[in-house]
Undergrad: 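The structure under discussion is supplied below as structure tokens; questions concerning it will follow.
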Amino acid sequence: MPYRLTVIGTGYLGITHAACMADLGFDVLGLDIDADKIRRLNAGELPIHEPGLEPVLRRGLESGKLRFTTSYEEVAAFGDVHFVCVGTPQKRGEYAADVSYMDGAIEALGPLLDRACLVVGKSTVPVGTAERLADKLARLAPAGAEAELAWNPEFLREGFAVEDTLKPDRIVLGVRTERAEKVLREVYEPLGDVPFVVTDYATAELVKTAANAFLATKISFINAMAEVCEAAHADVKQLSEALSYDDRIGGRFLNAGLGFGGGCLPKDIRAFMARAGELGADQALTFLREVDAINMRRRARMVDLARELAGGSFHGCTVGVLGAAFKPNSDDIRDSPALDVAVTIGHQGGQVTVYDPIALGNARKAHPELNYGESAVEAVRGAHVVLLLTEWQEFVALDPEELGAVVATRRIVDGRNALDAEAWRSAGWHYRALGRP
Ligand code: UDX
């Protein structure tokens, strides 16, 4: 009999995992403590923006394979395999990750587990968490050792969540028993030929943080080169292209610009440093401090460039901002470099109007003090400076003439090296970009 799956926590990761597993043919029950979210999900309404996910969600609901609940009792009775996908945000005022939602899930579920099952952590956690949670589960579960913990980190990217879930490049399993490995191999069998790395808890937890640390380092490396290019009057875009032809380096995650944000990379590298410190291995990760600092300096540099174009001060200056999401194809504004820059310019006296194709609602809620436009043209109307901060295709495709007709002065800073500099310059724009002459 195929396993019945539950997914605890319905954020970007949990909703996608639940809907995709139902699409693969499993009976899936999703849980969240947010009743309003559960009501919306059961009605087929996505509380997040994720391309391609809504049809998968609807298919699951219509086939009866997928349901959502707020009841841990229901989840415990239903599931053979419980995936835990709750958030692990950065602690307020600290680098460390807040794993209290993870503990909360185990504390709620554990006492209800009275038969053989597998609890599978998917969230990104500090190394050592799985071992601690396994002890907790063993203490709480009436089923004893029959209710077992495994760790299965998730690598999906927002904007590509469905694709990454159904076609993962690898599956990492941190397990203590052959039974746990066997169950998870069966669960993922419908995905076809995917490389498996089967290991212990600690290694599985570390794979995820190491992957994100590497990606962050790659972005900050090219952004450090951008700083040098700015000083040396060189062009980081061409530099990056030339590096990309070296297979050992590769071109992905080598786009210089405003740097990384979002709910993962920034907090994960900080939590990684904090955990290494606790383990007495902080020296190994001091370079991540630099990775973080380079990343944050890009935001400051962007504000400086904008101020320079504004004539030295933002007072009396209207700034049109294109982009609020931390990256294109997402409505996520968590630690968004774009919004950070917009807010800073507002604090420095600029009149800022922001437009984003999808993230406008979230941005408005978080920063009611900014102005918002309903289109790119509306956001830049009367602007003395235009800033491109998130590289949505809609912005890349903008016509410099059409935009030029509504701004006060044709000045633009391309924060993502996404525009065709020549096309904008020949339309009479003063075009500047990060890391380029
Ligand atoms: C990331 C990891 O890629 C994913 O594997 C992990 O599971 C969660 O964290 P995500 O946060 O969705 O995924 O975004 P990602 O596509 O990795 O982009 C992160 C940030 O880096 C964005 O702000 C993006 O704009 C920026 N970025 C990316 C660059 O500045 N330059 C690049 O070349 C690539």
Side-chain angles (χ1 to χ4, degrees), residues 11-14 16-17 48-51 53 85 87-90 97 122-125 152-165 167-172 205 207-226 236-237 239-241 243-244 249-272 291-292 294-299 301-302 323-341 356 359 388-393 395-396 414-418 433-435:
Y12 286 90
L13 167 58
T16 311
H17 192 65
I48 51 165
H49 173 83
E50 183 57 47
L53 182 54
C85 300
T88 52
Q90 188 174 339
K122 280 189 96 56
S123 312
T124 305
V125 292
N152 167 220
E154 179 56 56
F155 303 97
L156 65 78
R157 298 161 297 167
E158 288 177 24
F160 300 90
V162 174
E163 190 185 324
D164 286 351
T165 303
K167 293 193 190 78
D169 41 25
R170 79 288 213 187
I171 290 174
V172 177
E205 292 169 311
V207 172
K208 175 60 194 270
T209 17
N212 276 354
F214 188 86
L215 294 172
T217 303
K218 204 169 175 193
I219 298 170
S220 276
F221 173 82
I222 200 64
N223 282 333
M225 294 307 109
V236 76
K237 199 163 174 173
L239 176 83
S240 166
E241 186 198 336
L243 291 179
S244 76
I249 299 174
R252 294 177 72 192
F253 271 69
L254 216 54
N255 301 325
L258 197 50
F260 58 83
C264 294
L265 260 42
K267 68 116 174 138
D268 286 351
I269 61 167
R270 291 171 192 156
F272 200 14
V291 166
D292 200 3
I294 293 165
N295 193 53
M296 299 311 282
R297 276 208 300 276
R298 290 289 78 188
R299 302 180 188 187
R301 170 70 181 148
M302 186 73 205
F326 85 102
K327 68 171 186 179
N329 305 313
S330 170
D331 67 344
D332 197 344
I333 56 157
R334 285 177 292 173
D335 203 349
S336 166
L339 266 185
D340 202 0
V341 166
D356 188 283
L388 182 129
L389 303 182
T390 313
E391 70 277 34
W392 287 91
Q393 188 48 40
F395 299 154
V396 178
D414 179 358
R416 294 291 180 180
N417 283 310
L434 293 172

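Order of appearance sets the numbers: ligands from 1, and atoms from 1 within every ligand. We use all heavy atoms of the structure for the numbers below, so side chains are in, but hydrogens, waters and symmetry mates are not. Heads up: numbering here begins at 1 and tracks the sequence.
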Undergrad: Could you list the residues that satisfy salt bridge (Lys or Arg N to Asp or Glu O under 4.0 Å) with Asp164, not counting sequence neighbours?
TA: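 Salt bridge (Lys or Arg N to Asp or Glu O under 4.0 Å) list for Asp164, sorted by chain: Arg157.
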Undergrad: Using the test side chain to side chain contact (heavy atoms under 4.5 Å, CB included), find all partners of Ala211 that sit at least two apart in sequence or belong to another chain.
TA: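 Result, side chain to side chain contact (heavy atoms under 4.5 Å, CB included) vs Ala211: Phe155, Arg170.
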Undergrad: Is Asp335 salt-bridged to Arg299, cutoff N-O under 4.0 Å?
TA: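 Looking at Arg299 together with Asp335, the answer is yes, because their closest N to O distance falls below 4.0 Å.
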Undergrad: Under a 4.0 Å heavy-atom cut-off, which residues neighbour ligand 1?
TA: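 Only Glu154, Phe155, Leu156, Arg157, Glu158, Lys208, Asn212, Leu215, Ile219, Phe253, Leu254, Asn255, Gly259, Phe260, Gly261, Cys264, Leu265, Phe326, Lys327, Arg416 have heavy atoms that fall under 4.0 Å of ligand 1, ordered by chain and number.
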Undergrad: Going by salt bridge (Lys or Arg N to Asp or Glu O under 4.0 Å), name the residues that satisfy it together with Arg301, two or more places apart in sequence or in a different chain.
TA: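 Salt bridge (Lys or Arg N to Asp or Glu O under 4.0 Å) list for Arg301, sorted by chain: Glu230.
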Undergrad: With a 4.5 Å limit on heavy-atom distance, are the side chains of Asn255 and Asn417 in contact?
TA: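 They are not in contact (no side-chain heavy atoms under 4.5 Å apart), so the answer is no.
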Undergrad: With a 3.5 Å distance limit and no angle check, can you tell me whether Ser336 reaches the backbone of Ala324 through a side-chain donor-acceptor pair?
TA: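 Yes; at least one donor-acceptor contact below 3.5 Å.
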